[in-house]
Amino acid sequence: MVEVSFLGPIQEEPISYDVSNLKELSLILKKDERFSKWLENCAVALNDEIVYDLNLNLKDGDKVTILPPVCGG
Amino acid sequence: MVEVSFLGPIQEEPISYDVSNLKELSLILKKDERFSKWLENCAVALNDEIVYDLNLNLKDGDKVTILPPVCGG
Amino acid sequence: MLEIYKGALEVKEIESRWLDLAISQNCGAFIKFVGIVRDENSIEGLSFDIYRPILERWFESWQKRADENKAKLFMAHSEGDVLLGQSSYIAGVLSPKRRVALELIDEFVEDFKASAPIWKYDLVGGERIYAKDRSTAIKGSGLLA
Amino acid sequence: MLEIYKGALEVKEIESRWLDLAISQNCGAFIKFVGIVRDENSIEGLSFDIYRPILERWFESWQKRADENKAKLFMAHSEGDVLLGQSSYIAGVLSPKRRVALELIDEFVEDFKASAPIWKYDLVGGERIYAKDRSTAIKGSGLLA
């Protein structure tokens, strides 16, 4: 299982998914109305490292983080 | 008479000269060993405004300032 | 040095402490950016969420980059509510060289705005409203879309 | 705001006062450059001469330029001796906009170095030695040569 956290304004509790790569996670989140509208503007971190490759495999215990647009300062 | 002040490291007291333009002042200072070596690297102010034109006329009571290389901070 | 505080920053205390540290490092140039919450758009203040694990990594990668120029980076940021006239953000660069400090503070602050995992909300009528229009999608966004 | 002090700057007092002023102006971005005397070349400290009339004009012309961007400039500088670890120079830009502050501080500090009528001396063995090699001839120099 992979735990997915939604940060900042998305305001949803973390959810665990049974997925083996980011592509599968993408398909699930795109179908979920709570998340689909955010995805276009969200970055993705795998174990707290921002990632850029949708083909990355996920293993049990991995932590995925969804980061909406930021504005510090 | 025009009063000429020498700032910072030049370490000379102000001197009054009877000159009617900057060209005349230049001729006098170039012949003075205390100042000649400084002139190439010095800016010139007329009444506290930096000037760039050697043809400027001077009138009685004008104040000329000789500014050697600077280093604030 | 990265410092996160609940609520507004105590700017004077932070700057005083950082100055003592700067002096102890024998560096000639210390430049700081202080962000102050302005009275605009009828807000009562701002509020911030921070995701620390990624913020810390982001900061460490910048410190590594600064190390190449013998510079030291400083940052303080608020979490939660910060009211008008209070400060939520200080960034600093300490360097032996003036040019390094002036160039690094610019890049550091701009990348902070574009990349640091911090979310801003306007406080209006006691509510927290996501500052969507002022926010920037982090590089690489849209991967799952 | 231009402040000249005999000897070292009381940085904490100056920064504290400037911060209060910054807050009262409802500006979001305050950036400051602090110069600290480093222990190098076996000096005991630095010493400065200032020619105030031209320094004030130089500062006013910069403030006019900053006015176009609704920015306010700050500067504090020492006259006379400043020892190791003490501060001789603070420059500040207060602005409603971040970009204005970041760009203006760079140009302001660089032009200060190139143009402000201040002369620096190393303090070595109790003597004042003109820092000739680190000094810059003001634009227009050589007119009388």
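The basis for the numbers below is simple: all heavy atoms, side chains too, and nothing from hydrogens, waters or symmetry mates. The structure displayed is predicted, hence computed values, not measured ones. Each chain gets a letter, A, B and so on, in the order its sequence line appears, and its residues count up from 1.
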If I measure from the heavy atoms of chain B, does [X] come under 4.5 Å with its side chain, its backbone, both, or neither?
X        : result
D:Ala114 : backbone
D:Ser115 : backbone
D:Arg57  : side chain
D:Phe33  : neither

Between D:Ile36, D:Ile54, D:Asp49, D:Thr136, which residue shows the highest count of heavy-atom pairs closer than 4.5 Å to chain B?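 With the most close heavy-atom pairs to chain B, the winner is D:Thr136.
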
Which one of D:Pro53, D:Ser78, D:Ala91, D:Gly35 has the most heavy-atom pairs closer than 4.5 Å to chain B?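 If we count pairs closer than 4.5 Å to chain B, D:Pro53 comes out on top.
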
So what's closer than 4.5 Å to chain D heavy atoms on [X]: side chain, backbone, both or neither?
X       : result
B:Lys63 : side chain
B:Leu27 : neither
B:Thr65 : side chain
B:Leu54 : both

Quick one: which of B:Leu29, B:Leu22, B:Leu39 has the most heavy-atom pairs under 4.5 Å with chain D, could you say?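 Looking at each option in turn, the highest pair count goes to B:Leu39.
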
Counting heavy-atom pairs under 4.5 Å to chain D, which of B:Val51, B:Ile50, B:Asp48, B:Leu67 comes out on top?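 Most heavy-atom pairs under 4.5 Å with chain D: B:Asp48.
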
For the backbone of B:Met1 and the side chain of B:Asp60, can you confirm whether one donor and one acceptor N or O come within less than 3.5 Å of each other?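 Answer holds: yes.
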
Do any N or O atoms from the side chain of B:Glu24 and from the backbone of B:Ser20 form a donor-acceptor pair under 3.5 angstrom?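 Checked: pair present.
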
Should the pair D:Lys72 and D:Phe30 be classed as cation-pi, given the thresholds of under 6.0 Å to the six-membered ring centre and 45° from the axis?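 Not satisfied by the 6.0 Å and 45° rule.
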
With D:Lys6, which residues qualify under salt bridge (Lys or Arg N to Asp or Glu O under 4.0 Å), at least two apart?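 Here the qualifying residues are D:Glu79.
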
Could you pull out the closest heavy-atom pair between D:Gln86 and D:Leu83, with the gap in Å?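 Heavy-atom minimum between the residues: OE1-N, 2.6 Å.
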
For D:Phe48 together with D:Tyr121, are the ring centres under 6.0 Å from each other?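 No.
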
Derivation of the salt bridge (charged side-chain N to carboxylate O under 4.0 Å, His left out) call for D:Asp111 and D:Arg65: CA-CA 13 Å; D:Asp111 190 56; D:Arg65 191 169 150 188; over 6 Å; no

Relative to the ring of B:Trp38, is the ring of D:Tyr130 parallel (under 30°), tilted (30 to 60°) or perpendicular (over 60°)?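 Taking B:Trp38 first and then D:Tyr130, their aromatic rings sit tilted (interplane angle of 30° to 60°).
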
